[in-house]
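Per chain, numbering begins at 1; letters A, B, ... match sequence-line order. Note that these values count all heavy atoms, side chains included, but never hydrogens, waters or copies made by symmetry.
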Amino acid sequence: MPKIIFVSPEGGRTTVEASDGDSVMQTALANGVDGIVAECGGAMMCATCHVYVDDDWTSAVGEASDDERGMLDFAASEVRPMSRLSCQITVTGDLDGLTVHLPDAQI
Amino acid sequence: MAFAPTDETITIDQLTRDPYSIYRRLRAEAPVVTVKSIGRTLLTKAADTRAVKDNAALFSNNDPNTPMQRAFQAHTLMRKDGEEHMRERMAMTPTFSPANLKTLWIPAYEKLAGEYLDRLPRDEVVDLFPALAGPLAARILAIILGIPDATDEEMQYWSQALIDGAGNFGYADEPFARVDACHAAMNAMVEARVPLLKAEPDQSALSVMINAEDPIPFSQVLANLKIAIGGGINEPRDSLLTVLFGLLTNPDQLDEIKRTGNWSTAFEEGLRWVAPIQASSRCAREDTEIRGVDIRKGEIIMTVQASANHDEELFEDGHLYNALRPKSPHQSFGSGPHHCMGTHLARATIGKIMLPMIFERFPGMQLVEPEKVVWWGFGFRGPLSLPVRLN
Ligand code: HEM
Ligand code: HEM
Ligand code: FES
């Protein structure tokens, strides 16, 4: 199973096992990772599952779609070039070791 | 396992006046309980309310025995299968796109907010419910929906009639007669706008729905607008009044928020403290189990987000408004696939515009006899008045 690493704003790292086909958001909720709220449950309507993809992983993960960029405008923390909504990132074997950084706030 | 215990003592009147003390007891003693007077099984713990709303596959909205269909003169979205319902909702979503909020609706609200605040009298007692919160919520909604000629009074009257009709579980005649008269007025208002918006389309909900490439039937256009009228006025109104009450009765917190400018946090805390929509119902599609209690297929589950927002597992002294409390997410906008479509609009307009603006205009605003403010409501809840002196 691919591993996903969540880095808190203070720098703490949490490594969890993900299932292929789940989103990074679902992986966080299923493992009790603090810092992902996901109010809309993955419908891309809330922007409370915001993450910063680690520099080493941006090309593997890819860019946000236009709709996702639009919704990111409502994120509570600063939006950066590597910002993504974690409900829109699907875990695959290629993402084993994916590292994402959590923002200061989701609401 | 066993079915949920039944409580025969709790009355609707008690839940309307003072729900929070009842929910506190239920969270401790019976977090999954069937309340006889309302004929539903209440969930009062945060983990349970969220799990049910996030699992639309197991818990649907299809509660067949409600007066809603009669009140709305339409098969509402909730009685249709997933795809048809989705099509009807999607018909309206372009209006609420982030780009439209940013370039159209938020600037429109900012201008209106200034105008409505300018009209308020100074140095006398003014009730902000009828003088500000109600009319402003009605005005911005009329603009977004594409019926700007509807007056503030009409919008509020229609909204209340729809709510009273949809909640008319006793099937009395008066609420249905009142809402029927409103339908005639609403239909006429909408029909008059159609040729104008066909000629000059804009981003309003009515325009987007009728000018779509593959439009939904006009009957459903009307039904969608009415659902928005019935559900888009009282929550913004009540949440504004609630957060103002919270800040004005806690001057030390207000001072700190003025210093930090964290108005959004103050707004979120108001939403948590008294959720404008207190509970949402779902229907179990299969036999299942919640917190070790058996749930039968067809059982109506009420997820009480008002109670979830006071859950001792998440919040210390949840019964108190505290704009400075450590952040913890509330469920006042629902969660899962029904998550409120107006969330971003409400957060941007009330949290980011109205709160700083009203305290900047009236830095010495004072509540008049806060102990006399009555809080009311089981399904929807808020203060019935907010008398203040502005200066
Ligand atoms: C203009 C847009 C929409 C309106 C006005 C609307 C309104 C409603 C209403 C009033 C209900 C019944 C709610 C209740 O009594 O608690 C409902 C149910 C539901 N809505 Fe929406 N909705 C809209 C869009 C959507 C969208 C886009 C989705 C999915 C992405 C969705 C998913 C659902 C689901 C799954 C139910 C429960 C129905 C069932 O499971 O049987 N809705 N909607
Ligand atoms: C502070 C303000 C507001 C609060 C607290 C609020 C709360 C909610 C809640 C709790 C639900 C979910 C109901 C359920 O789970 O069955 C909901 C749904 C909805 N809200 Fe709001 N609301 C607010 C403002 C608005 C506004 C201003 C609009 C429109 C202009 C709006 C449009 C909708 C729609 C269309 C749905 C249906 C979503 C669906 O069923 O999928 N809301 N709202
Ligand atoms: S969970 Fe709401 S946008 Fe990702």
Quick check: are there more than 12 heavy atoms from other residues, nucleotides or ligands sitting under 6.0 Å from [atom1] of [X]?
X: B:Asn211; atom1: CG; answer: yes
X: A:Glu63; atom1: CD; answer: no
X: B:Lys258; atom1: NZ; answer: yes
X: B:Glu289; atom1: CD; answer: yes

Query raised in the report: Within residues 73-93 of chain A, which positions have a heavy-atom distance to chain B below 4.5 Å?
Result: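 The stretch touches chain B at A:Asp73, A:Phe74.
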**Report entry** Portion of B:Lys53 that has a non-hydrogen atom of chain A nearer than 4.5 angstrom
**Finding:**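 Interface part for B:Lys53: neither.
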Report task. Could you pull out the closest heavy-atom pair between B:Pro98 and A:Gly70, with the gap in Å? Result ->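 In terms of heavy atoms, the two residues are closest at CB-O, 3.2 Å.
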Query raised in the report: A:Leu29 and B:Arg50: which non-hydrogen atoms are nearest, and at how many Å?
Result: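 Shortest heavy-atom contact: CD1-NH2, 3.9 Å.
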Report task. Measure the shortest side-chain to side-chain distance between A:Ile107 and B:Arg347 over non-hydrogen atoms and say whether it is less than 4.5 angstrom. Result ->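 Touching, per the 4.5 Å side-chain cut-off.
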Query raised in the report: When rounded to the nearest 0.5 angstrom, what distance separates CE in A:Met45 from OG1 in B:Thr343?
Result: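 Going from the CE atom of A:Met45 to the OG1 atom of B:Thr343 covers 7.0 Å.
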Query raised in the report: Is it true that a side-chain atom of B:His339 and a backbone atom of A:Gly42 form a donor plus acceptor pair closer than 3.5 Å?
Result: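 Looks like no, no N/O pair under 3.5 Å.
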